[in-house]
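The block underneath contains the structure these notes are about, expressed in structure tokens.
Labels below follow one simple rule: chain letters A, B, ... track the order of the sequence lines, proteins then strands, and each chain is numbered from 1.
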Amino acid sequence: MNQTTDQSAEMSLPKTYRPEDHEQRITTRWSDADAFRADPDAVLNGDRQGYSVVIPPPNVTAALHLGHALNNTLQDVLIRSHRMMGFETLWMPGADHAGIATQTVVEKRLIAEEGRKRTDFERDEFIGRVQEWKDEYEETIKGQLLEMGCSCDWERWRFTMDDVCAKAVREAFFQLFKDGLIYRGKRLVNWDPVTQTALADDEVDNIEIDGFFYYLRYPIVDADGEPLRVALPDGSTLEHVTVATTRPETYLGDTAVAVNPSDPRWPALRDAGAHAKLPFVNRVIPVIADDYVVLPAKDPDAEGVDPKAKYASGFLKVTPAHDPNDWEIGNRHDLAAINVMAPDASISDEHGWEDVGDATVFLGLSREDARAGVVQRFDELGLLADKRDYSHGVGHSYRSHVPIEPYLSDQWYVKVTDDRLTGGAQRALNGRQRSHEGGWYKGCERGDGNPAERFDSDGTMTFYPDRYAKSYETWHDNIRDWCISRQLWWGHRIPVWRTYDPAIGRVSEAELAEGVSRWMKLARAERVAIQYRGEFVPLERVEKENLDMGAFFVCIRDPEGEDRELVEMIESEGWVRDPDVLDTWFSSALWPMSTMGWPEDTPLLDAFNPTSVLTTAREIITLWVSRMVMFNRYFKGGDVPFDDVYIHAMIQDGEGRKMSKSLGNGVDPRDIIHLHGADALRFTLCQMTTQTQDVRMPVERDEQSGKNTSPKFDLGKRFCNKLWNASRFTMMMLDEAETKLTNGQAIDSDDLSPVDRWMLSRLRSTIDTVEEALRTYQFSVYAQAMYDLMWRDFCDWYLEAIKPTVRQRPAQQAVLRAALDAILRLLHPIAPFVTEAIHEHLRATPAGDLPGVGLPDSELICQAPWPEVAGDFRDEPIESGIDRLRDLVAAVREVRAQQQVQPRRRITLHVDQPMLDEVKAGDGFVETLAGLAAVVASDPEGAASSFTFDAREFRLSDLQDESAGGSDAERERLSRQIEELEGSIATLQKRLSNPGYTEKAPAHLVEQTRNQLAGLESELDAARKSLEALQ
RNA sequence: GGGCGGAUAGCUCAGCGGCUAGAGCGCUCGCCUUACACGCGAGAUGUCGCCGGUUCGAAUCCGGCUCUGCCCACCA
């Protein structure tokens, strides 16, 4: 290994690209130049088209992981490329307060480090502690984005809870409230009895629990509660219904027993007017029929029996207040919902349960104790029919890890089922993806009698890849109203006041009425909205009529801003603010608007909303994408928040598992940056990002640092290094030239050699490929095209080919420099640092003036224009001509390798006259790349090796100093070649001997096959002769 | 249960009706060849998951299986 760095004057650049020498310095240069600042006026004046992206705000719970790195890299690629293409670009950065997730991590830390629970703090004090955590992680995240090279408009950084975003949240809430799209509802929520919080569905972990199935007998009675015996069709008599349950304690809240209508026992029960009487409670409840009930299996032990049918008794206890399905059944049959639990999940008669009867023994028990108690009491009365082992999934709080309780509770809802919201979101899809002909809604196509509105579209929003439009649509088809209240402290507090707060107690009606008339004078109609028993009441009515103040919900438009005085007044009158905060997605849903200053009418909004594209992961289509579309359209007169939605692949580990902390298979982007460089990270991620839904990244431990990494990143690292060295070489050539190019020197296109034209043609083709890939979000295609252009075309062929001539040819120097410059620009969006570092040096070298090539100088490459190469540089004849010569070179190299010819040895190629003409037309290309001393149209005099090319036999001489053997190797090579040729010939012959092919296939293909076969046959012939000659 | 992917070289992936099925890594051989050994040249490696069908022709289109993953819903 040659470790000594060559420090000669010509080669002042180190031999390897060292990211750590450049990344920080370049970040500072960008920042000093204010290079990523978006100017809305440039768009509004019509100077430039706008191109904008909002970052999906990362949660401030933790540092960014590899998924973020991927997502943000792709966004930066889009932003940087469009910036270079002349768009006025805005990349809006920021972070999300992530309500429950952040509060949870902070609570955990406080318990671990200080032994204090949340409730040991005052609300403000606790929020202060969360704020500290947020500040810390927000800085970390910003730092990571900077390290990755993200070209965000940093000064516009937003946080979902900062003043600007908070104002938008309050305004949005007020408008929705006023428009009747926010309502108070009683619903079953996932209740965490420990933290006493409602959880979102995705905050519930399903854990398999070994429990029991209990079979409880309820005596059958008539409607008046008198015992009843029901004669069944099979001749038996029924005195009890036996319900099967895993949760006996909830029987206290039962309001019906349900049976499947096709159950043979149902008609008898119905006709007898059967009811059931709950032991102890003595509540008489109806027996009803509902399809939801599973019929018991005839043979419970048979294979493949539905586990429910296996355990079912045919009777289902219905507890609407404590089970989501029972809640649905209750709605269908208009049953009462009796809540028998306190918020801590203990049995209680203070939350809606009145007919306790003899069940007072259970009051105050925890749900676990109540279960044991109920089972014991039933057993004592002979009403426990059976108890069987049963393993089933139970939802657990991801915060406190206790089983969640389906709990009837008052919550705030956004009525997303309203057509103004979900309909708007559906119609936002462009027509093509909305109807997806022949695909998604079989039997529901236009014109077949089904409502065509099904497919109505008034938008142009487009998903990439296509298939995600379907996920988006089906989700909206099944959407339910969105519960937005969370019993947390960290978040946007709900701007609603009411007169009753359990902690404070009631204020007298008289006092209230007096107060109301006072604050009413201060309140202006457009600043306050009042809901009264689900309706809206105008302020005048409140004053005139004697309404029950306790049923008022008063929403104040801007309690933290303009309406502060009003808030002070009504609070002094005894009104109390709702203690809950909003679901974190409520503020995220406003992100594309709030970050740009909505509800103010700002230039930023005018210029950049709708944004150009949202880049995100598919798991978030429902939680976030949909809600942004609903809100943006609703609040901004139908504007979609983004034109395109690009859903990127998910990164899994080598075994196809999700990367996670608990599995220890996560890769930290910071480690990759330190180990390989930011550009290596970015290039590799782009290169991996195909259109599939998952991509795998084998994870390995780096031996030196002990950090997780992946061999995949070597690709990016090597790529950067290769580019660095190709650039070093280019600049050395320009510097050492004998006839130097002068800056601005006009180049006559007649002075370009074939290989120069070839290089420009390859460049032009690659620009097309790259632009198309960007348009369709095919990042892997982009990265691969750049790899091929830089490594294969530029380094392997172009640089090698021009080595002998470039010093004497200014025109060639101009092409060389232009090619490198264009490669750097095309690559800059993927690899910003290394290209910027090289650009700093390349700028100092003279550039020629090549007609049709536009590479205007710019101090920073990040602000340089996208390369322009005129379309007529695309030259098919040149490309195929050079391709042919490359094949010839490969053929010669194969012989050289087989004959073990010293790399530096110049040998002689003997060809026929037509081939000689072709080679000459290549202007030294073949000679240079194949290591030839001469190409001649004459037979060799001494020892020679032959090979076939284009169905002809050519020879190579002067391979060896002394005519050493080597014929063994050559025989081997020829034999292998003959074998391959025979195989190929057989394939083609078979094809041609098929009459179907020659008759039906397109003529040009048949013709092509015939020519191919003829070619291969003469090649085979030549190879056989050569082999014979050796023997 | 509903929806959506994947199965092609030892590994990670391209190719999605017609080239003798490709790339990178890994492997073998030879090279410190006037930038790069994080490199250069050459080479080996495939019943394109299985079974049918359509077609002159299928890795590619259709149907059915088998594995495998993701999202959503549900879990008396």
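- Note on Arg991(A): a side-chain N or O is less than 4.0 Å away from OP1 or OP2 of U20(B).
- Across the protein-nucleic acid pair, Arg718(A) atom CZ and G24(B) atom P stand 11 Å apart, rounded to whole Å.
- Proximity note for Arg904(A) (side chain, C-beta onward) versus C38(B), G69(B), U33(B): the nearest is U33(B).
- For Trp791(A) and C40(B), the shortest distance from a side-chain N or O to OP1 or OP2 is below 4.0 Å.
- On the P atoms, C50(B) is 13 Å away from A7(B), given to the nearest whole Å.
- Taking atom C1' in both C61(B) and C16(B), the straight-line distance is 9 Å, to the nearest Å.
- The base of C36(B) sits with one of its N or O atoms less than 3.5 Å from a complementary donor or acceptor on the side chain of Lys722(A).
- With Thr250(A) as the fixed residue, the side-chain hydrogen bond (donor to acceptor under 3.5 Å, both in side chains) test singles out one of Arg371(A), His322(A), Lys317(A): Lys317(A).
- Distance from the side chain of Lys717(A) is smallest for C38(B) among the nucleotides C38(B), G5(B), C56(B).
- Interface remark: the Glu800(A) side chain does form a donor-acceptor pair with the A35(B) base, using a distance-only criterion of under 3.5 Å.
- If you check the side chains of Ser727(A) and His841(A), you find no donor sitting under 3.5 Å from an acceptor.
- Nearest to the side-chain atoms of Leu799(A) among the listed nucleotides A35(B), C36(B), C31(B) stands A35(B).
- Of the side-chain N and O atoms in Thr692(A), one or more sit less than 4.0 angstrom from OP1 or OP2 of A14(B).
- No more than 12 heavy atoms of other residues, nucleotides or ligands lie within 6.0 Å of CD in Gln704(A), so this atom counts as exposed by the packing criterion.
- Residue Tyr468(A) is the one, among Tyr468(A) and Pro698(A), whose nearest nucleotide of RNA chain B lies closer to the 5' end (criterion: closest heavy atom).
- Residue Arg792(A) places at least one side-chain N or O closer than 4.0 Å to OP1 or OP2 of G24(B).
- For the pair Lys803(A) and Phe729(A), the distance from NZ or CZ to the six-membered ring centre is under 6.0 Å and the angle to the ring normal is within 45 degrees.
- Using a 4.0 Å heavy-atom distance criterion, Cys795(A) is classed as a base contact.
- The distance between the ring centers of Phe378(A) and Tyr251(A) falls below 6.0 angstrom.
- Spacing of C1' atoms, C11(B) relative to C29(B), comes out at 22 Å, to the nearest Å.
- Rounded to the nearest Å, the gap between the C1' atom of A58(B) and that of U47(B) is 15 Å.
- One P atom belongs to C25(B), the other to G43(B), and the distance between them is 16 Å to the nearest Å.
- Within the nucleic acid shown, Leu316(A) comes within 4.0 Å of at least one base atom, counting heavy atoms only.
- Separating the CZ atom of Arg728(A) from the C1' atom of U34(B) is a distance of 13 Å, rounded to the nearest angstrom.
- Under 4.0 angstrom from either OP1 or OP2 of U12(B) there lies no side-chain N or O belonging to Lys712(A).
- Along RNA chain B, the nucleotide closest to Leu715(A) and the one closest to Met650(A) are compared, and the more 5′ of them pairs with Leu715(A).
- At a threshold of 4.0 angstrom between heavy atoms, the contacts of Tyr292(A) include nucleobase atoms, whether or not backbone atoms are also involved.
- OP1 or OP2 of A14(B) has at least one side-chain nitrogen or oxygen of Thr690(A) nearer than 4.0 Å.
- The separation of G22(B) from G46(B), taken at their C1' atoms, amounts to 11 Å, rounded to a whole angstrom.
- The distance between atom CZ of Phe683(A) and atom P of U12(B), rounded to the nearest whole Å, is 20 Å.
- Using a 4.0 Å heavy-atom distance criterion, Asp788(A) is classed as making no nucleic acid contact.
- Listed nucleotides A42(B), G24(B), G30(B) differ in distance to Tyr787(A); the shortest reach to its side chain belongs to G24(B).
- Atom name P, nucleotides C74(B) and C67(B): the rounded distance is 27 Å, in whole Å.
- Ring geometry, Tyr311(A) versus Tyr390(A): the interplanar angle exceeds 60°, so the pair is classed perpendicular (tilted spans 30 to 60°).
- Comparing G39(B) with G24(B), their P atoms are spaced 12 Å from each other, to the whole Å.
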